[in-house]
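As a basis for the values below, the full set of heavy atoms in this structure was taken, side chains included, without hydrogen atoms, waters or symmetry mates. Counting convention: from 1, in listed order, for ligands and their atoms alike. Nothing here was measured: the structure is a model prediction, and the numbers come from that model.
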Amino acid sequence: SEGPTPTSVAIVSQYACQRRTTIENNNSIFTDAFEVLAESYEFSELEGQCLAFRRAASVLKSLPCEVRRQEDIRDLPWMGEHTKAVMEDILQYGHSFEVERMLSDKKYQTLKLFTSVFGVGPKTADKWYRKGLRSFSDVLTEPSIHLNRMQQMGFLYYEDISRAVSKAEARALGSIIDEAVRAITPDGILALTGGFRREKEFGHDVDFIVTTPEPGRENSLLPDIIERLKQEGILLYCDYQASTLDISKLPCPRFEAMDHFAKCFLILQLEGSKVEGGLSRSKEGGRGWKAVRVDLVSPPVDRYAFALLGWTGSRQFERDLRRFARLERQMVLDNHTLYDKTKKEFLAAQTEKDIFAHLGLEYIEPWQRNA
Ligand code: 8DG
Ligand code: MN
Ligand code: MN
């Protein structure tokens, strides 16, 4: 009889949606380094090189153990010459010279600082850098700069929202949103999504999906929730975007990065007394509350599974789900639909499991999507 082969090597898929990636990362020494370089390429708008480092990092995050020797990565996908060279330095010297150089680069440091402000993307950060601005006080005292409202709030609450949101804080916000939904409609559906659904310990915000079984009713849901939060006196900032979903346009699916659901990007005032174990920020400011970023998205109920899958992330997992659908199944997946180009039909789904099944993929639990 055949026993186990002595040199059986587990094949690692090139697609994140065929790997199970928990929050336990055995290779953060490499993936942290890759993230610095990926980010610097993102600042320079070199998307291909940025993606190469993000893909390599994602593969290493899925490994059950630490990479110790160069030969450990021999059979892994997405290990290019550049990523290998960075890993070689880390294996040999404990750090990468290229990464060290980047971390002490003034332009990288400044763009990193500016993009850490809510409402400031790489384009704005670069514009400010090219004006010679290097610090927040440079930006805030520069007369030629006009900050939009989002950026004004980003600076005003910088101390709070640049600090990670804890699980306990996310839970407290869940109760607040749930109470609001319950008061508006008893059959409202609320689900945690984003990083906290993937069981991350910390996040930069808290993401929720809300809907109702009554078609069309979801359109007034977010405005009603926002009104309630305002009346409670805890709404510090609200950027509401009404739905632009046009079902009649659905039979010509093409991939779009942004979805068309109603959504809002909020800053809420979270009372320390509502958080088990207290707020994660130091209380030296004296006030007993913390400003926290919250995202709400409100799809029609028949789009719920697609929206939930799309908003749970991680971004790398989402990218690879779509790439897998397109290249391996001739299907188009986005936050609204799944379209089979061979059969020329849309595939309906009540749950995420239905979508994985349509794609012929093993189901990956949310906590295994930290690619
Ligand atoms: P974090 O907040 O802990 O940093 O991580 P995260 O929860 O994974 O990231 P996120 O930036 O909050 O995004 C969560 C998911 O939402 C991510 O997979 C991308 C998805 N998403 C969309 N559309 C949009 C959109 O219009 N804006 C934002 N911010 N996220 C979107 O599908
Ligand atoms: Mn999030
Ligand atoms: Mn978010």
Any I209 side-chain heavy atom under 4.5 Å of L190 side chain:
no
Here the atoms of ligand 1 under 4.0 Å from any heavy atom belonging to M258 are 25 (C), 26 (O)
Checklist entry - Quick one: do E88 and K84 make a salt bridge, cutoff under 4.0 Å? => result no
Within 4.0 Å of some non-hydrogen atom of R198, the atoms of ligand 1 are 8 (O)
Review point. Looking only at N/O atoms, are H204 and ligand 1 under 3.5 Å apart anywhere?
Key: yes
With a cut-off of 2.8 Å, does D295 put an N/O/S atom close enough to the Mn ion (ligand 2)? no
* Kindly determine whether R54 and E35 satisfy salt bridge (Lys or Arg N to Asp or Glu O under 4.0 Å), including the steps that lead there. => CA-CA 7 Å; R54 294 243 158 93; E35 184 50 34; 3.0 Å; yes
Fill in: S298-K263 side chain donor-acceptor pair, cut-off 3.5 Å
no
Atoms of ligand 1 under 4.0 Å from any heavy atom of G203, numbered from 1 in the order shown, are 3 (O)
So, is G194 polar-close to ligand 1, with some N/O to N/O distance under 3.5 Å? no
Within the 4.0 Å heavy-atom cut-off, what N335 brings close to ligand 1 is side chain
Check: of A170, G313, A307, G310, min heavy-atom distance to atom 20 (C) of ligand 1 comes from G310
Quick note on ligand 1: atoms under 4.0 Å from a heavy atom of D207 include exactly 7 (O), 12 (O)
Looking only at non-hydrogen atoms, the one of R293, R315, H260, R197 nearest atom 9 (O) of ligand 1 is R315
For K200, the atoms of ligand 1 under 4.0 Å from one of its heavy atoms are 1 (P), 3 (O), 4 (O), 5 (O)
